[in-house]
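Written below as structure tokens is the structure these notes are about.
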Amino acid sequence: MTAKIRMTSLQRSAFDLLAPPVQRWIWQQKWQSLRDVQEKAIPAVLAGGDVVISAKTAAGKTEAAILPLLTRVIASNRESGGFAVLYVSPLKALINDQHRRLEAVCEACDILVHKWHGDVAAEAKARARRRPSGVILVTPESLEAMLVRRGSETAYLFSALQAVVVDELHAFIGTERGMQLQSILNRIEVECGRERIDRIGLSATLGDMHLAAEALRPGGGEKVRLIDGNDQGNGIRLQIRGYSLGAQRPDDTQTEAVRDDVNRGGEDFGIPSPMADDLFRFLRGSRNLLFAGSRQRVEVCSDLLRGMCEEQRLSNEFYPHHGSLSKSEREEVEVRLRDDPRPTTAVATTTLELGIDIGSVESVAQIGPGFSVASLRQRLGRSGRREGNPAILRVFVAELAADRGTHPVDRLKLDLVQAIAMVECLRMGWCEPPIPRGLHLSTLIHQILALIMQTGGIRPAAAYKVLCERGPFRLVDRGMFAEVLRCMASAETTLIEQAPDGLLLIGKTGEFLTESHEFYPVFATEREYRIIHESRVLGTYPLDSLLAKGETLIFAGRRWKILEIDDVARVITVRPATYGKPPYFPGSGGLIHDRIISMMRDILTTSDEYAYIDRAATAMLQSAREAYHALGLDRSSVVRFGSGVMLFPWVGTRKLGTLALACQAREFETAQYSHVIELQDCDLSSVESFLDGIANGDVPDERVMAARLAQPNLARFDHFLTPELMWSVTLRERLDLDALPELAKSLVSS
DNA sequence: GACCTGCTGCGGCGTG
């Protein structure tokens with residue numbers, strides 16, 4: 001009877017389109033109605049074709065895709081003969097969550113749901129492979145392994161697919177891993193002789209739905225249906241808080257003396273003590289996420305806050321969470337957040353941005369402006385998930401105290417202004433769109449090897465067709481593809497060889513690479529030490545670190561003394577200690593979008609007020625605006641400073657870097673700050689004539705520029721490429737030469 | 001001025 005009443009409230013909705021077992025399951029869940037995104041997505045998914053579904057975190061996207069897909073599987077009435085739904089997810093942890101979530105509804109429909117990733121027992125996989133049916137939840141790497149190891153079974157496993165679901169679509173867009181996934185999905189379609197297998201992309205954070213559609217179906221984005229759920233959240237409460245750095249800093253000799261005293265170590269890592277006090281005050285006693293920006297700052301910050309708990313004789317509530325911590329260390333924090341009633345704040349890097357199930361938190365805090373609006377949006381989505389509670393986000397920004405900031409870059413308070421710019425973008429609903437411009441030749445090398453393994457040998461023309469014409473490597477023309485093949489077949493590399501009949505086969509080095517399980521991921525990873533305390537692995541530490549026996553270390557939120565370093569086994573053994581030095585992790589900066597930097601200029605130019613910034617931040621913004629005018633930036637973006645000249649192009653990282661390289665190619669001594677280029681020991685007129693030249697098309701030789709570019713971020717197989725191909729990659733992916741003349745023009749005319 | 005992700009097949013050995 002209760003079922004009947006609920007059916008009435010769901011009347012004339014997408015609910016009616018679902019298969020009876022799915023409807024029964026919905027009644028059992030006691031849902032009062034379908035969510036907006038589900039109402040819209042169900043008919044679209046039932047109709048077939050590609051669909052992108054975008055909606056807030058926790059708005060029921062998974063069900064929006066899966067319920068109609070189960071309906072389609074039931075209607076198709078196929079017992080076995082292959083998997084019906086392929087669900088690809090970027091994290092094993094997400095697959096485990098989704099598997100738990102989907103088991104009941106699939107059981108109600110009498111449809112099997114398998115999880116398939118590196119931690120799943122080989123036996124369970126063998127069982128699924130013997131009788132493939134239902135839904136399979138898988139990572140791109142495990143899917144790659146299936147194709148590479150059992151290429152001949154591909155058609156048997158996947159010919160009956162109704163659809164492919166790509167979870168967290170944004171996590172794949174524009175990345176090496178995303179290229180690999182697009183290529184794998186295409187290889188499956190080709191191998192199964194299917195023109196198109198429906199693709200359904202799910203995401204909470206899409207800057208531009210049309211570009212996301214193109215990422216889901218390269219070359220066919222215009223035919224993808226876009227579903228944008230508009231479930232209203234519970235509102236947002238947002239604040240930016242400003243803090244002064246180095247206000248009462250001791251002079252340098254004293255600083256040296258107290259450097260080892262880690263109790264006051266926050267200041268050196270951008271956390272002045274008033275900020276630490278406020279973090280403690282806002283976060284203690286409830287459940288929160290604190291995004292600290294880097295692994296080092298996560299450790300410093302959790303150490304600081306743990307110390308404050310100890311000082312007040314409270315049990316600790318602050319736990320670090322980042323990618324160098326072991327799985328067990330991280331899981332302890334996740335479980336405590338999800339299932340433990342005690343107040344807990346996880347101090348994290350981006351590890352807790354994606355939808356790992358940690359329940360709802362009260363608030364989200366962030367130190368510094370961060371690198372992207374997309375990331376800010378993901379973070380915000382982690383709070384305010386409980387009915388009636390708004391999402392709370394506090395951004396903590398430290399800037400040098402007024403009396404210490406004499407350099408223009410310090411006087412403009414660029415971190416604070418960037419934080420405001422990002423929040424303004426967030427409020428406007430904008431976030432960074434994917435920019436498909438990379439050649440991804442490293443991943444192309446990987447896919448050529450994988451395709452040869454899958455097919456047992458393939459002709460160059462056929463490989464080109466699969467990977468570059470039909471597949472995602474569309475910026476690679478025939479000539480470049482042939483060059484890549486020549487690189488791979490050369491006497492030095494021997495990744496592949498060509499049989500007399502023209503078939504491409506795996507070469508000697510290629511065999512070595514592909515026989516290892518390390519072959520499946522396309523991203524590069526570093527070699528590391530494991531840090532161990534009494535047989536418990538705490539995490540991993542970079543190999544090139546300068547640690548020595550007897551030194552101390554903050555790691556996993558505790559303090560340690562190093563007992564032993566075994567360079568052969570790559571193990572660091574530790575015991576608890578009272579002191580610890582902050583850990584060091586190497587890294588290189590992120591790319592900031594043009595729009596954010598141009599918004600920063602608008603903020604400095606206007607006198608708009610922002611209700612969400614605190615009093616200290618308001619005063620800082622005021623002083624930044626005064627500095628902007630005092631420096632003459634309202635009249636010109638090229639200003640004298642000391643014995644040199646400063647350029648303020650107000651563009652994103654890629655264009656700024658390209659301009660800096662152009663300056664270096666013309667023998668200027670340059671220093672690059674956040675969003676500014678300083679040219680040392682030169683006069684204004686020489687800079688102006690240089691810019692005039694560029695504005696009129698006199699751009700330095702691209703090879704001279706590319707040669708000056710440091711290459712810290714090589715992709716996994718880049719070292720197999722010739723210098724010529726590497727230049728092509730660099731020019732396309734890291735520089736923006738086309739933008740130079742326009743950029744120079746705007747600098748000289750302003 | 002940064003972060004994150006992933007992994008097969010098989011041989012050998014111990015235990016019930």
Side-chain angles (χ1 to χ4, degrees), chain A residues 88-95 116-123 125-126 129 138-151 167-168 170-181 184 269-270 291-298 320-325 327 330 347-356 366-372 374-376 378-379 397-398 409 414-415 418-419 443 446 450 453 513-526 540 542 584-592 596-597 652-653 656-657 671-676 712-713 715-716:
Chain A
V88 187
S89 173
L91 298 181
K92 290 185 289 189
L94 285 180
I95 288 178
W116 186 299
H117 57 64
D119 298 345
V120 173
E123 197 202 312
K125 293 177 186 168
R129 202 166 48 224
V138 69
T139 60
E141 288 75 14
S142 280
L143 197 51
E144 183 73 89
M146 292 168 88
L147 297 194
V148 165
R149 295 287 166 224
R150 299 167 187 275
D167 197 7
E168 307 278 5
H170 64 275
F172 290 110
I173 295 178
T175 66
E176 300 294 346
R177 221 175 164 208
M179 290 298 279
Q180 178 190 27
L181 177 58
I184 289 173
F269 299 92
F291 291 100
S294 70
R295 285 170 286 181
Q296 179 178 63
R297 202 144 66 178
V298 163
H321 192 285
H322 59 74
S324 292
L325 294 178
K327 198 178 168 194
R330 284 199 261 175
V347 188
T349 57
T350 54
T351 40
L352 288 178
E353 253 175 42
L354 282 187
I356 299 172
Q366 174 176 308
I367 299 173
F371 288 90
S372 76
S375 169
L376 201 62
Q378 285 285 127
R379 291 170 183 188
V397 186
V409 173
L414 293 175
D415 270 4
Q418 185 181 328
T443 302
H446 183 273
M453 290 290 286
L513 272 177
T514 53
E515 76 186 8
S516 157
H517 63 94
E518 287 172 11
F519 174 66
Y520 311 116
V522 289
F523 47 88
T525 43
E526 294 168 46
T540 57
Y584 167 76
F585 298 95
S588 58
L591 294 177
I592 299 174
I596 293 163
I597 316 292
T653 320
L656 189 80
Q672 199 177 315
Y673 302 95
S674 350
H675 312 302
V676 184
N713 295 326
R716 184 165 170 210

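A, B, ... follow the sequence lines: proteins, then strands. Residue 1 opens every chain. Worth saying up front: this structure is predicted, and the values here are computed from it rather than measured.
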With a 4.5 Å heavy-atom cut-off, do A:Q378 and A:H170 have their side chains touching? yes
Could you state the CD-C1' distance from A:E168 to B:dC4, rounded to the nearest angstrom? 13 Å
Between the protein and nucleotides 1-3 of chain B, which nitrogen or oxygen pairs are less than 3.5 angstrom apart?
| unit_1 | atom_1 | unit_2 | atom_2 | d |
| --- | --- | --- | --- | --- |
| B:dG1 | O6 | A:H675 | NE2 | 3.3 |
| B:dA2 | OP2 | A:G587 | O | 3.1 |
| B:dA2 | N7 | A:G589 | O | 3.4 |
| B:dA2 | N7 | A:G590 | N | 3.2 |
| B:dC3 | OP1 | A:R295 | N | 2.8 |
| B:dC3 | O3' | A:T349 | OG1 | 3.2 |

Return the value, rounded to whole Å, for the distance between atom CD of A:E144 and atom C1' of B:dT5. 15 Å
If you define the side chain from C-beta out and look only at heavy atoms, does anything of A:F523 sit under 4.5 Å from A:Q180? no
Residues passing the side-chain contact (heavy atoms from CB on, under 4.5 Å) test with A:A524, sequence neighbours excluded, are A:R716
Determine the minimum heavy-atom distance between A:E526 and A:P586, stating which atoms define it. OE1-CG, 4.1 Å
So is A:R379 actually on top of A:F291's ring, under 6.0 Å and inside 45° of the axis? yes
Starting at atom CD1 of A:I184, determine the distance to atom P of B:dG6, rounded to an integer number of angstrom. 14 Å
What is the distance, to the nearest angstrom, from the CD atom on A:E353 to the P atom on B:dT5? 12 Å
Between A:R150 and A:R129, is there a side-chain heavy-atom distance shorter than 4.5 Å? yes
Under the side chain to side chain donor-acceptor pair (under 3.5 Å) rule, what do A:R295 and A:Y584 come out as? Steps first, then yes or no, please. CA-CA 8 Å; A:R295 285 170 286 181; A:Y584 167 76; over 6 Å; no
Mind calculating the distance between CD (A:E176) and C1' (B:dC4) to the nearest angstrom? 14 Å
Readout for nucleotides 7-16 of chain B: B = base within 4.0 Å of protein heavy atom, S = sugar-phosphate only, - = neither; 5' to 3' it is BBS-------
Please work out whether the ring planes of A:H446 and A:F519 are parallel, tilted or perpendicular, with thresholds of 30° and 60°. parallel
